[in-house]
Asks: 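Handing you a structure now.
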Number of protein chains: 2
Amino acid sequence: MSPRKSVAETQHTRQRIVERSLAIASVEGLEGLTIGRLANELGMSKAGVLGHFGTKVSLQLAVVDAAATAFTEEVPRRVGDVRPGLPYLRAVCEAWVSYLERRSLPGGCFFTAAAAEFDGRSGPVHDAVTALNALWQRDLRVHVRRAVTAGDLPSDTDPDQLVYELMGVMLALNHFLQLQHDEAAPARARRAFRRLLGT
Amino acid sequence: MSPRKSVAETQHTRQRIVERSLAIASVEGLEGLTIGRLANELGMSKAGVLGHFGTKVSLQLAVVDAAATAFTEEVPRRVGDVRPGLPYLRAVCEAWVSYLERRSLPGGCFFTAAAAEFDGRSGPVHDAVTALNALWQRDLRVHVRRAVTAGDLPSDTDPDQLVYELMGVMLALNHFLQLQHDEAAPARARRAFRRLLGT
DNA sequence: CCTACCGATCGGTAGG
DNA sequence: CCTACCGATCGGTAGG
């Protein structure tokens, strides 16, 4: 029998599970993630892993949550103190390119992969992924609007159209980097962003 | 014991299996496809299904092949007899938008989904998906070059850059349509293509 | 956090 | 194309 663990130790174990899950899921997908593999790689029993979450869906939701936190730390938070509107847009797009260049996760952008995996399914995981995707696009749209108001983007700019095109450049970067290992892709993404957001 | 089937009947059954597999895989992914589910939905035994392919990987490859054939029929073949270069590019981009608008597959573009699913894996399925993706981009690039040569696109056009941006618009259309059911997305895609390829 | 176990399902095979 | 079956693994539970 294992000795009783402190709350801190329990939370640390939980964090280890989630981190490993995130790395596995970025390659195999959230459905390809299995309790047995997780237990094996962490040197634990399946029951020990599952005890922290109850069900696989709860584990998946914890992984989505951790991915959102990591993404926030690695992209928007790295933008630094730049003004809202166009300066923010340019900085956050550059932060996105840099995030994928750094290869923080072996499978590239977790949310791009999760969006493709769950877009045809239903349930809490789909809903969580969709909600976070919406948040990200809302953030972009807010700053596009401010840029237009400030006169930094043409007054006839359609914010939804620009968000659509920015998203396209981002999705393409993940695609070219992950599927084709195209090392020229980051430069192409930067050039495309420059064309959309001015020099 | 079932009566002996003719070659034609055997091929018909095989085709039924592949078609159903394609519909399932476009939603659940090629890994989420299972022999048991397939057998159940087709009213066959698992052995009856698997007998046509031998292994699950062979079935997956047959599905990729069928998806490629269907894609060719539904996109490049619908372009009609338009001149190579810029006219072809405009027509094939419009055919792509129309293809996704028609919702031929419940999960959207099969290759976009398969690319995201297999970009971190290795093996014959990954290789097949990657090769078809490369073919598609090569086709686009060939016509971009011709358009430049013909003087229909600026002489300083970087073909790989334009292919990258065209791919971004395509990936974004699938993303907005599948994940967000955004019915305005096709119009945004058309507008983005127009901006990239002239009015 | 463990051992021991559950029914269901996985891909695949033998034999006809 | 079927029945019958294989070992492995799935998510999850009981009980401690």
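By convention in this document, chain letters (A, B, ...) are assigned in the order of the sequence lines, proteins followed by strands, and residues within each chain are numbered from 1.
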Asks: Distances under 3.5 Å between protein N/O atoms and the N/O atoms of nucleotides 4-6 of chain D, please, pair by pair.
Replies:
none

Asks: Kindly say if B:Ser45 contacts the phosphate of D:dC1, meaning a side-chain N or O under 4.0 Å from OP1 or OP2.
Replies: no
Asks: What I'd like to find out is whether the side chain of A:Arg83 reaches to under 4.5 Å of the side chain of A:His143, using heavy atoms alone.
Replies: no
Asks: Under a 3.5 Å threshold, yes or no: a donor from one side chain and an acceptor from the other, between A:Arg102 and A:Ser98?
Replies: yes
Asks: Could you tell me whether the side chains of A:Asp139 and A:Tyr88 share a donor-acceptor contact shorter than 3.5 Å?
Replies: yes
Asks: Strictly by modelled atom types, are B:Asp119 and A:His175 linked by a side-chain donor-acceptor pair under 3.5 Å?
Replies: no
Asks: Output the rounded distance in Å from CG (B:Leu50) to P (C:dT9).
Replies: 18 Å
Asks: Starting at CD1 of B:Ile35 and ending at P of C:dT13, how long is that distance when rounded to a whole Å?
Replies: 11 Å
Asks: Start at the 5' end of DNA chain D and walk down; is the nucleotide closest to A:Gly36 or to A:Gly54 reached first?
Replies: A:Gly36
Asks: Given a 3.5 Å cut-off on both pairing distances, which stems involving DNA chain D, each at least three consecutive Watson-Crick or G-U pairs, are present, if any?
Replies: C:1-16 with D:1-16
Asks: Is the closest basic N to carboxylate O distance between B:Asp152 and B:Arg146 below 4.0 Å?
Replies: no
Asks: Can a side-chain donor-acceptor contact be found between B:Ser58 and B:Thr55 if the only test is distance below 3.5 angstrom?
Replies: yes
